[in-house]
Amino acid sequence: MKTTNPYNRNTKRYAKPFSLALLLSLMSLPVWAQNNAQGITFSKDIMPILQDNCQECHRPQGQGPMSFMTYEEVRPWAPLIQYKVVNRQMPPWHIDRTIGIQQFKNDRSLSDEEVRIISDWVNAGAPEGNSADLPPTREFADSGEWSIGEPDVVVTWEYNVPAVGADLFGDIYSTDLIGKFSEGRYIKAIQTRAADDASRRVVHHALSYASSDNNRNNPEEDQFLVEYASGKSAEIYPDNSGVLLPPDSEVRLSYHMHPVGVETNAKIELGIVFHPEGYDPEYRRWSKQLAQRQSLLDIPGGEIVRTDGYVYFHTNTTITAFQPHMHGLGSYQCLELIYPTQGPTAKTETISCAHWDYNWHTIYNYADDVAPLVPAGTVAHLISYFDNTASNPGNHDARNWTGDGGRTIDEMSFAWLGWYSMTDEQYIAELERRKNLQNESETEIAFIGE
Ligand code: HEC
């Protein structure tokens, strides 16, 4: 097994980002760096990068804490911007770039070149340059826009969260889909979100399920649809797959809210885009919490703890998405596959590792040509790290012992995986297709399961 030590990246832990960034910008630069930085200006080089990668969130009404629409707005933040992009904390995309699959459908990270340009620009004193070089201002649709495109149906729930009190857990049902369509429909894309800033503050997570027989007594039979948690991005299924939504379903929202000091009417929305009516995708897709920790979590104050979870694949499978899940102490998670072969062909493979920041429940949607192909009998092994030391910015008090539990201040360890099962014929055909792809191009394609 190839291993990686997440704690080499000490730079991820920042107690005083300003001082480090300031130090970087005050350090005298080697000549090559000065040459490199020469001519880089905000108007010509930096604004296009911010427009493409940051302004979606960093604008008035965006979800980022400050706006980056003009030079005046950006300049005071230059050192912190440098720190955040060099350490790959912004844009939020925490996949470990040194290990595993790197092609995703929703990759929002900067290229190495873009990081270098921003860093050199800050080192050069963040010059504005000539405003005539500015690209046209980027226009944004209102912040109510869905990242899956205009949904065919939107389901909404409301819940009144009191100002103070313990964490709240429970189920609420919506009848918004009753009578909407008479046959089962396959979901092409789906997104849940808290509808506004106030709701975002109180909704810890919200899971939605289709309850097809309107049978509230047997919730364990409900079909899981999608999960929402802070910073959650949209789930994108491969074109030839879909999640089946039975007709006339009530939609159950399993919620976890936490009071934040002001009474809040939390609004949660679920947007669904369907495949066309009558369309039967080749694969029926699933999404579940998998590879739960083997033993109860035991995370003493001041310590770093690792835990392991496993899941067995009974059928040939394509994994379409990976989304780590931990709470505030989580720092890093890896998904490894242990293939069902022995002797000289025995093989394990780390397919993805991601740094963890509780603000960002990012789902990593694998590009179709590299999505892990898993032969029946494979065991997925999930490795999670929890950092209960004071250097973890997500840690409220490093003196506290922390263990399993559902509250925000407890810990969890599992991954959301999206996947579909394949027959032997489908599996072999896909393996062949990927081999041909690899022959055609020199690019490296994941060949898992050989
Ligand atoms: C998907 C939305 C999103 C994108 C895209 C994004 N940001 Fe952010 N940014 C946030 C949010 C939300 C926060 C506050 C929470 C956090 O720090 O995780 C933040 C925090 C920051 C901070 C730190 C603010 C502080 O006071 O600690 C900086 C600096 C920053 N972003 C810069 C950038 C830059 C530069 C880009 C583009 C290269 C970018 N961000 C892209 C949403 C985003």
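As the structure lists them, so they are numbered: ligands from 1, and atoms in each ligand from 1. All values below come from the heavy atoms of this structure, side chains included, with hydrogens, waters and symmetry mates left out.
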Could you see which bit of Q89 sits under 4.0 Å from ligand 1, with heavy atoms only: side chain, backbone, both or neither?
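The answer is neither.
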How does F68 reach ligand 1, if at all, at less than 4.0 Å between non-hydrogen atoms: by side chain, backbone, both, or neither?
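For F68, the contact with ligand 1 is made by the side chain alone.
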Main chain of H258, side chain of D167: is a donor-acceptor contact present, judged purely on distance under 3.5 Å?
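Not at all, since once roles are kept as given, no pair shorter than 3.5 Å links the two residues.
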Quick check, are the ring centers of Y255 and W157 under 6.0 angstrom apart?
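Distance test on ring centres: not under 6.0 Å, no.
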Which ligand 1 atoms, with their elements, are less than 4.0 angstrom from a heavy-atom of [X]?
X    : answer
M66  : 24 (C)
C57  : 1 (C), 2 (C), 3 (C), 4 (C), 5 (C), 42 (C), 43 (C)
K84  : 23 (C), 28 (C), 29 (C)
R108 : 1 (C)
N53  : 5 (C), 37 (C), 41 (C)
P91  : 37 (C), 38 (C), 41 (C)

Please determine whether side-chain hydrogen bond (donor to acceptor under 3.5 Å, both in side chains) holds for the pair T41 and S43, giving the CA-CA distance in whole Å, both sets of side-chain angles, and the decisive distance to 0.1 Å.
CA-CA 6 Å; T41 69; S43 303; 5.0 Å; no
S67: side-chain hydrogen bond (donor to acceptor under 3.5 Å, both in side chains) partners, not counting sequence neighbours
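In terms of side-chain hydrogen bond (donor to acceptor under 3.5 Å, both in side chains), with neighbours along the sequence ignored, S67 is linked to E73.
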I272/D152 under side-chain contact (heavy atoms from CB on, under 4.5 Å): CA gap, chis, key distance, verdict:
CA-CA 6 Å; I272 302 176; D152 294 316; 6.0 Å; no
Nearest heavy atom to atom 11 (C) of ligand 1 wins, so pick from P79, S109, P65, P92.
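Going through P79, S109, P65, P92 one by one, P65 has the nearest heavy atom to atom 11 (C) of ligand 1.
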Please determine if atom 8 (Fe) of ligand 1 has an N/O/S atom from H58 lying under 2.8 Å away.
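It does; at least one qualifying atom falls short of 2.8 Å.
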Evaluate the salt bridge (charged side-chain N to carboxylate O under 4.0 Å, His left out) criterion for residues E158 and K267: first the C-alpha distance (whole Å), next the side-chain angles of each, then the deciding distance (0.1 Å), finally the verdict.
CA-CA 5 Å; E158 292 192 24; K267 286 197 207 63; 5.2 Å; no
Examine E56 against ligand 1 and note whether any of their N/O atoms are separated by less than 3.5 Å.
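Not met; the criterion fails.
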Please round to the nearest 0.5 Å and tell me the distance separating atom NE2 of H396 and atom CD1 of I409.
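Nearest 0.5 Å value for the NE2-CD1 distance: 8.0 Å.
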Please determine whether the number of non-hydrogen atoms from other residues, nucleotides or ligands lying under 6.0 Å from atom CZ of R399 exceeds 12.
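Check fails, neighbour count at 12 or below.
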